[in-house]
Amino acid sequence: MKLTEEEQCMLDGKHGVGIQKAMELLVALGEAFGAERMIEISRAHVALSAQEGDTYFCELLVNGGARCKVPTSTNPPWDIDHLTRYYSVTEDELELALRTINVYREIGALLNFSCIPGLEGNVPAFGERVAFSESSATPYVNSVLGARTNRESSPSALAAAVIGKTPEYGFHLEENRRGTVLVDVEATLKGEFDWGLLGWYVGKRVGSEIPVFRLNNLRKRPTAEQQLYLGAELNTSGAVSMYHIPGVTPEAPSLEVAFGGRKPSFEISVEDRHLEETQEEISEKSGKINLVLLGCPHYTLEQIREAATLLHGKKIHPDVSFWICTGFPTMELAKRSGYLDVIETAGAHLVADTCIDQPCWKSFEGASGITDSPKCAYYRERRGQPFAIRRLSECVEAAIKGEI
Ligand code: F3S
């Protein structure tokens, strides 16, 4: 890589050890991916995970004097305020969560604790160069907003945040943003749940290719939530950080432009039966449940309104704990709009600042959960907690009955 004089000084440690460590990581990445130079970024999002490795790296930078140079938002760690009321965690887990929050505060990050920064809190505009980690966030940023990010890890996004630059490779280059696989969709996509199944099915088949969706039955422009679910699942079952929908996503006014004049390397088609089979394959069947977990990715105000409408006048079964994860500002708006009251009267909870993949949820292990998100089920099952995947209305129905 060709470095400027200033970048070379950073790498040589003349701006402090923290900057040097961040630069070492970025240069190694750039060299591994064949980047020729560094480019400036305008913002970053770090998927802080309250896991030892990520927190250690942030401490290394902070102790070496590094601070964020560009606006840098953060993923949810834990809802520390509710810990003692609702969940049980070990002292070591609590200590790590507190260390994580404190060190990110010190490095100058925005502690918004949201996994949908592209919708709220840290929204890049078309063409902006950014460094975003978080599997739900990167496809949204690239595909829906038309900003440019690679599929960053927490450390690489944080390193870019303190340098204010990232190596130029991957999705920062025009030629790497073109579609490579044609996905012909005959399936009917009613709500974000179906978009999520579509994402899971396609992600598994395309790996890290760039799918272009030809939606033959599309009647209405997909909503932000539908595209969020599509991207989150594409990037969980596969490694898809960019897709195109001709006529919808900003870099694809047509199928031809989406492919940049090239031919797709292969084609797949998706019918209703593929989505049904996907659900069957990745979901637990029927039976008693003890947990409803929604908000992976974080629920928007519109999704919370929908949940409140379904819960209005109902009562959650006494054996079931019902949680909706969201961002702090959205929770405040839900409170002001009366949705929180409806949700709590039904016996459910809205919770800000946390993520379904945190150890606090192990308090509910020992039975089955239900969610509307394949990503949620995937992460919880890795921790040994089986989950059924159903659309929101069925999750509410199961919560009332205590079973599916
Ligand atoms: Fe968000 Fe955690 Fe799911 S960060 S997308 S709630 S795994």
Side-chain angles (χ1 to χ4, degrees), residues 44-51 54-55 72-80 82 87 97 100-101 104 109-122 132-141 144 151-154 157-158 192-193 195-196 199-200 203 224-241 282 291-300 303-304 307 322-331 349-362 364 369-383 385 387 389 392 395:
H45 177 79
V46 182
L48 71 84
S49 55
Q51 287 169 13
D54 294 345
T55 303
T72 303
S73 49
T74 47
N75 250 29
W78 285 9
D79 166 31
I80 299 282
H82 283 134
Y87 330 115
T100 304
I101 291 170
Y104 274 91
L110 170 70
L111 301 186
N112 61 330
F113 301 152
S114 166
C115 50
I116 54 168
L119 272 98
E120 48 190 49
N122 195 9
F132 272 40
S133 50
E134 169 48 46
S135 53
S136 331
T138 47
Y140 196 87
V141 162
V144 182
R151 191 176 191 262
E152 303 288 353
S153 64
S154 289
L158 187 63
E192 47 264 31
F193 181 74
W195 285 82
W200 189 276
E225 288 81 2
Q226 289 166 351
Q227 292 203 66
L228 189 62
Y229 268 50
L230 174 68
E233 305 306 342
L234 278 169
N235 214 7
T236 302
S237 72
V240 177
S241 273
I282 61 177
L291 177 63
V292 181
L293 208 42
L294 306 172
C296 172
H298 277 176
Y299 258 24
T300 63
Q303 289 172 297
I304 293 171
F322 190 126
W323 295 86
I324 304 173
C325 300
T326 191
F328 178 73
T330 309
M331 177 142 151
H349 308 277
L350 196 56
V351 59
D353 300 342
T354 192
C355 155
I356 59 86
D357 191 32
Q358 292 297 341
C360 48
W361 300 107
K362 71 175 179 291
F364 302 99
I370 188 170
T371 179
D372 63 346
S373 155
K375 180 175 179 180
C376 171
Y378 170 75
Y379 279 116
R380 290 312 313 162
E381 285 185 3
R382 279 194 328 177
R383 290 181 186 262
Q385 196 175 18
F387 260 79
I389 305 165
L392 173 61
C395 291

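Scope of the values below: all heavy atoms of this structure, side chains included, with no hydrogens, waters or symmetry mates. This chain uses plain numbering: 1 for the first residue, then up along the sequence. In listed order, ligands and their atoms are each counted from 1.
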Legend entry - Nearest option to atom 1 (Fe) of ligand 1, as decided by whichever heavy atom of Cys115, Ser136, Pro76 sits closest: Cys115

Inset, instruction - Give a yes/no verdict on whether any heavy atom in Glu134 is under 4.0 Å from an atom of ligand 1. - result: yes

Inset, instruction - Could you label the plane-to-plane angle of the His349 and Trp323 rings as parallel, tilted or perpendicular, counting under 30° as parallel and over 60° as perpendicular? - result: parallel

Legend entry - Taking atom 2 (Fe) of ligand 1 as the reference point, the nearest protein heavy atom with its distance: Cys355 SG, 2.3 Å

Inset, instruction - Please determine if atom 1 (Fe) of ligand 1 has an N/O/S atom from His298 lying under 2.8 Å away. - result: no

Inset, instruction - Please confirm if an N, O or S atom belonging to Cys325, backbone or side chain, lies less than 2.8 Å from atom 2 (Fe) of ligand 1. - result: no

Legend entry - Donor-acceptor contact present, side-chain Thr236 to main-chain Ala232, <3.5 Å: yes

Inset, instruction - Go through Asp357 and Arg383 one step at a time and tell me if the salt bridge (charged side-chain N to carboxylate O under 4.0 Å, His left out) criterion holds. - result: CA-CA 8 Å; Asp357 191 32; Arg383 290 181 186 262; 3.0 Å; yes

Legend entry - Ligand-side contact atoms (ligand 1) for residue partner Asn75, heavy atom cut-off under 4.0 Å: 4 (S)

Inset, instruction - For the residue pair Tyr104 and Thr72, establish whether any side-chain heavy-atom pair is separated by less than 4.5 Å. - result: no

Inset, instruction - Provide the number and element of each atom of ligand 1 under 4.0 Å from a heavy atom of Lys375. - result: 5 (S), 7 (S)

Inset, instruction - Return the residue, atom name and 0.1 Å-rounded distance of the protein heavy atom closest to atom 3 (Fe) of ligand 1. - result: Cys296 SG, 2.4 Å

Legend entry - Pairwise side-chain contact, His298 with Pro76, heavy-atom cut-off 4.5 Å (strictly under): yes

Legend entry - Ser154 side chain vs Ala47 backbone, donor-acceptor pair below 3.5 Å: yes

